[in-house]
Amino acid sequence: MSAIATYTRRELMVVAAGREIHDREVVFVGMRLPLLGFGLAKATHAPEAVGLFENGIIRDRPAEAFIYTMGDPPNIAGALACVGLLDVMSLLQQGRVDVGFIGGAEVDPLGNLNTTWAGGEGRPVRLPGSGGGQDIASLAQRTVLIMEHEPRRFRERVSYVTSPGHFPGRRRGGPATLITTLGVFDLRQGRFRLRSLHPEVSLAHVRAATGFAVESDGTPAVTEPPTQEELAYIRHADPQGFWTGDHRGKGGD
Amino acid sequence: MSAIATYTRRELMVVAAGREIHDREVVFVGMRLPLLGFGLAKATHAPEAVGLFENGIIRDRPAEAFIYTMGDPPNIAGALACVGLLDVMSLLQQGRVDVGFIGGAEVDPLGNLNTTWAGGEGRPVRLPGSGGGQDIASLAQRTVLIMEHEPRRFRERVSYVTSPGHFPGRRRGGPATLITTLGVFDLRQGRFRLRSLHPEVSLAHVRAATGFAVESDGTPAVTEPPTQEELAYIRHADPQGFWTGDHRGKGGD
Amino acid sequence: MSDKRQSLGDAIAAHVHDADAIALGLALESGIPFAAVHELIRQRRRDLTLIGPISDMAFDQLIGAGCVTRVIAAWVGNVAGGSGYCFRRALEQGIPHPITVEEHSNFTVGLGLKAAAMGVPYLPTLTGIGSDIVRDHPRIRPQDDPFGGPPLLAVGAIRPDVTIVHTQRADRHGNAHLWGNLGLTLEGVYAARRTIVTCEEIVADEVIRSDPNRTVIPGLLVDAVVEVPGGALPASVQGYWRRDFETFLGYHGRSRTLEGYRAWLDEWVLGIASRDAYLAHLGQPALDRLRVRDQRLAAAANFAP
Amino acid sequence: MSDKRQSLGDAIAAHVHDADAIALGLALESGIPFAAVHELIRQRRRDLTLIGPISDMAFDQLIGAGCVTRVIAAWVGNVAGGSGYCFRRALEQGIPHPITVEEHSNFTVGLGLKAAAMGVPYLPTLTGIGSDIVRDHPRIRPQDDPFGGPPLLAVGAIRPDVTIVHTQRADRHGNAHLWGNLGLTLEGVYAARRTIVTCEEIVADEVIRSDPNRTVIPGLLVDAVVEVPGGALPASVQGYWRRDFETFLGYHGRSRTLEGYRAWLDEWVLGIASRDAYLAHLGQPALDRLRVRDQRLAAAANFAP
């Protein structure tokens, strides 16, 4: 895999996110990488997917220009509909959303995400909170989690469950896939299992970066690298590498 | 009172309805006579009253042209807002509506109205049903009832309570005033009491037309007849006498 | 999104089945999808449940034609005239066959649809306490306030199999602009398993996208979109058609007797192949009187990013 | 309706009191009424409760200025940057003083406002089951389904004393047109005891009446209407202003330290008398870059009767 120099980890994550969207699906789109993944899926294998944004925007095309937030004017211009937050949340609660994307500061093997209080051992750090994360985690038919893969973020038990993962009595959905900076994992039925390692990442590296046991069947697969077409889309959509540069862009924290 | 020949009973009822609206009030407006009463009140003593219609229209002026239903285009053109039915019902449920108007086929001394099944003695007659009547009766700060005054309609107990009157445990509002073809009655606190007789109507006439005892204090007052200004407004708003002619217009049933 | 354009006949055939629960007339007196109602009668749908707030005469016509066994509504009649005579004959005399009515107020039928739209089994309300409507009601039950306040009523979800709406314009994917009366349109569409949109005009995608706040009906909830100019007549459509009061009144008078209703139905529905034929039967002078030719345009709204 | 125009200073002085619960930022990232937020800081309101879904940096600024003791929100930070440092300092170190947070998700804060808007004590939901947010929550409780389904959660009503919104245009009575993001604007306005509308333009009554479907905020719910061009900057206003990303980012960087925050506040709020002065301080090149000059107008909608 000599291709590693030709794309960034984040570009690979965008590609992996896009592949989680099937054609004609209704997608609850987040910002950053999932937003790019949605646009990529639309441009390639899922041309009839529809995107919902929690502020009430419904789109079937990516925004015409680069956006920093889902409320930015280019995301409204040309939208199919601008409805209320409760209208899109109602569609989510009805079960009409096939897949939603969420991220967090901490994750555990059941797919619980913490975006509220982090750093259980040291001085606790207050994070911004749920936003729509709890709702997507509770109500989408399946969720795709996107995470930085670091030991302090991959914990046996998160210190606070902001967005619930798998738990007994869950009525619908739950985390299906976890895409990290190191690999892709299946989380279905509450079983955390390696699906693929990103190119040039070793299983030992993943195990060292994970605060709990990583299950894997035999020799792990390798995450399919981006195609030229996929990369071209991403670089058109994020020309400055704001979201997809290897060093997190100005929007990072 | 020689003025009786110069205006119709329905014109007098419109005037009585309009007088029930105070300035700056939020009014849940019905069709027919209350609609004209609202316009009359706006044009005279209540210029800052605001009208809500159950289909979601909010107006502070009468429709520009004659309307048969509240959904007619002249009631939409120039409206302040067209919102959803549940939005105006929510304002009603919050207690933000000062006064609502309702009618029915039967009424009893507690102000219960029946618009569902009539004619308890003979073959029952199916009426159209509640519409928004139950909601206005339940939720407005006060209601004004408008009725044809006939013995079969004024019953000791209505055969079906579509729009509830006074009952123990009522949390808000209830019928305040009943305007009929013969007089005006107070219904506050569940006491049915004559407020005024229309000109040239006798108390004996009212008693004969009412299926229960009519209470009155001393010599009844006489309903104040329409002024020339009031009549001019009504005849401008209903030039054909569609709602206010003495023989009920084509819209009658 | 895919292209969902169909003819009215095909849309009704594909998406409305016998025994379905159908919501229509959701904008109250305006925008009632009468063309679709008449197509339902011509296609002889049976055993339908009708759902709506006040149905004007659409429900009455369907009941008289024998399509209906159950009504979930707040008011059934003819708004300008009063009683619906087919509704009365069905309930008072079982003609053409008995039907049942689930009584509602405008608010409770709206809350039932809203509960389904929100994906919850019920919504709480204060309306109806003290009314006979809510007594032994199959879908309205007492419910405690978990925060210790006085008791409420819970209105159970009403989930239509199909909602049919008529709007001013839509794109071929079913994203529809609607203005004027909204009533319960949004709730009825979000609540339904399937939605058919009839509209005055199918327009280019870019027309709809130029004003996403006007899109009351997102195409992702729509199964078929049908261009039917005049498809709501005799009901009004803001900016397109005035209310055809004479037709409402004519129906009211003629439907007073069973024979009169049947003759009316033969003349205006069974003997009419399509909405175009209906408009032709109405005649040019009536169309000239009813069609809106004035322009009173909404103030400009700039969506430039 | 009466004339409700006021200056921003007078509107805040008259309608927002110490210890009030204030909802703002309801359209999420756009239309945040920053001019009103800065006026609240200048008028030294204290002991406020802030209500909103995601507040972008408006809540952070108010918390840092010592105006706030309680937050009812789903997310507090800086959307482009991440953490809100004043929020963190208040919760982690009690600077400038401790505050409490009633945790929500976007959906539950919306349902709380919607319950108040509807005039009911709570609304039922499925969201949050299994989350720590709803554990021992003061406003979210388990609730049975009276129709026998699985248990739900009940979200109690959230009733703001004041809701502040920024829209494109309004008439002098407060009837306001809003387009683009809606978020929870409608719910926040219907729920509130009082509402202040700031807007880009106060327009003639007939402009608003030309399009009643664009009137998201009916004037009967409004107590004051204030013309404040650019009153949402650095947030965007569709058709008027782009997002001023540099200001969000500058605040994010400078507020990382307490000293930096104080200097920022002095420069941009306390040392600034009015929104006009804010725009002047921003400078003409920035204004030229941010102001929308293109036109992309909504397709015509005819309201002629």
Side-chain angles (χ1 to χ4, degrees), chain C residues 111 114-115 118-127 139-150 152-154 156-157 168-169 177-182 203-204 206-214 216 236 238-240 242-243 292-305, chain D residues 111 114-115 118-127 139-150 152-154 156-157 168-169 177-182 203-204 206-214 216 236 238-240 242-243 292-305:
Chain C
L111 289 169
K114 183 74 174 174
M118 293 183 78
V120 288
Y122 75 95
L123 285 173
T125 187
L126 304 172
T127 194
R139 204 186 298 269
I140 301 177
R141 298 191 183 172
Q143 172 74 328
D144 284 336
D145 173 6
F147 299 93
L152 302 154
L153 296 172
Q168 281 95 346
R169 62 190 174 211
H177 278 183
L178 171 64
W179 61 92
N181 291 315
L182 301 179
V203 295
E206 297 315 315
V207 173
I208 300 300
R209 289 172 199 274
S210 76
D211 191 352
N213 291 97
R214 194 82 78 192
V216 172
S236 60
Q238 197 73 21
Y240 287 77
R242 299 190 183 86
R243 181 178 175 86
V292 174
R293 300 207 181 270
D294 297 342
Q295 290 233 319
R296 203 184 306 179
L297 299 185
N302 187 11
F303 281 83
Chain D
L111 288 170
K114 183 74 174 174
M118 294 183 78
V120 288
Y122 75 95
L123 285 173
T125 187
L126 303 172
T127 195
R139 205 186 297 269
I140 302 178
R141 298 191 182 172
Q143 171 75 326
D144 285 335
D145 173 6
F147 298 94
L152 303 156
L153 295 172
Q168 281 94 348
R169 63 190 174 208
H177 278 183
L178 171 64
W179 61 94
N181 292 314
L182 301 178
V203 295
E206 297 315 315
V207 173
I208 300 299
R209 289 173 198 274
S210 76
D211 192 352
N213 292 97
R214 194 82 76 191
V216 171
S236 60
Q238 198 73 21
Y240 288 77
R242 300 190 182 87
R243 181 178 175 85
V292 174
R293 300 207 181 271
D294 298 342
Q295 289 232 320
R296 204 185 302 178
L297 299 183
N302 187 10
F303 281 83

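Keep in mind the model is a prediction, meaning the values are calculated, not measured.
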Give me the atom names and distance for the closest heavy-atom approach of C/F147 to D/P121.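 Minimum heavy-atom contact is CD1-O, 4.2 Å.
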If you compare all heavy atoms of D/D145 against all heavy atoms of C/Y122, which two are closest, and at what distance to 0.1 Å?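 The answer is OD1-CD2, 3.9 Å.
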Heavy-atom distance under 4.5 Å to chain D: side chain of [X], backbone, both or neither?
X      : value
C/R169 : side chain
C/L111 : side chain
C/N181 : neither

Residue pair D/L182 / C/N213, side-chain heavy-atom distance below 4.5 Å: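 In short, these two side chains touch, coming nearer than 4.5 Å.
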Taking the side chain as C-beta and beyond, is there a heavy-atom pair between D/P124 and C/P124 under 4.5 Å?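 Heavy-atom side-chain distance check passes, below 4.5 Å.
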May I ask you to name which of C/Q238, C/M118, C/R293, C/R242 has the most heavy-atom pairs under 4.5 Å with chain D?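 Ranked by heavy-atom pairs under 4.5 Å with chain D, first place is C/Q238.
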Looking only at heavy atoms and a cut-off of under 4.5 Å, which of [options] has the most pairs with chain C?
options                        : answer
D/A300, D/S236, D/G119         : D/A300
D/P212, D/A304, D/P305, D/G239 : D/A304
D/A154, D/P146, D/A299         : D/P146
D/G149, D/G156, D/G180         : D/G180
D/V207, D/L123, D/L152, D/V203 : D/L152

D/W179 side chain to C/N302 main-chain N or O, any donor-acceptor pair under 3.5 Å?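 Such a contact is found between D/W179 side chain and C/N302 backbone.
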Find the distance between CZ (C/R296) and CZ (D/R209) and round it off to the nearest 0.5 Å.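 C/R296 atom CZ to D/R209 atom CZ measures 11.0 Å (nearest 0.5 Å).
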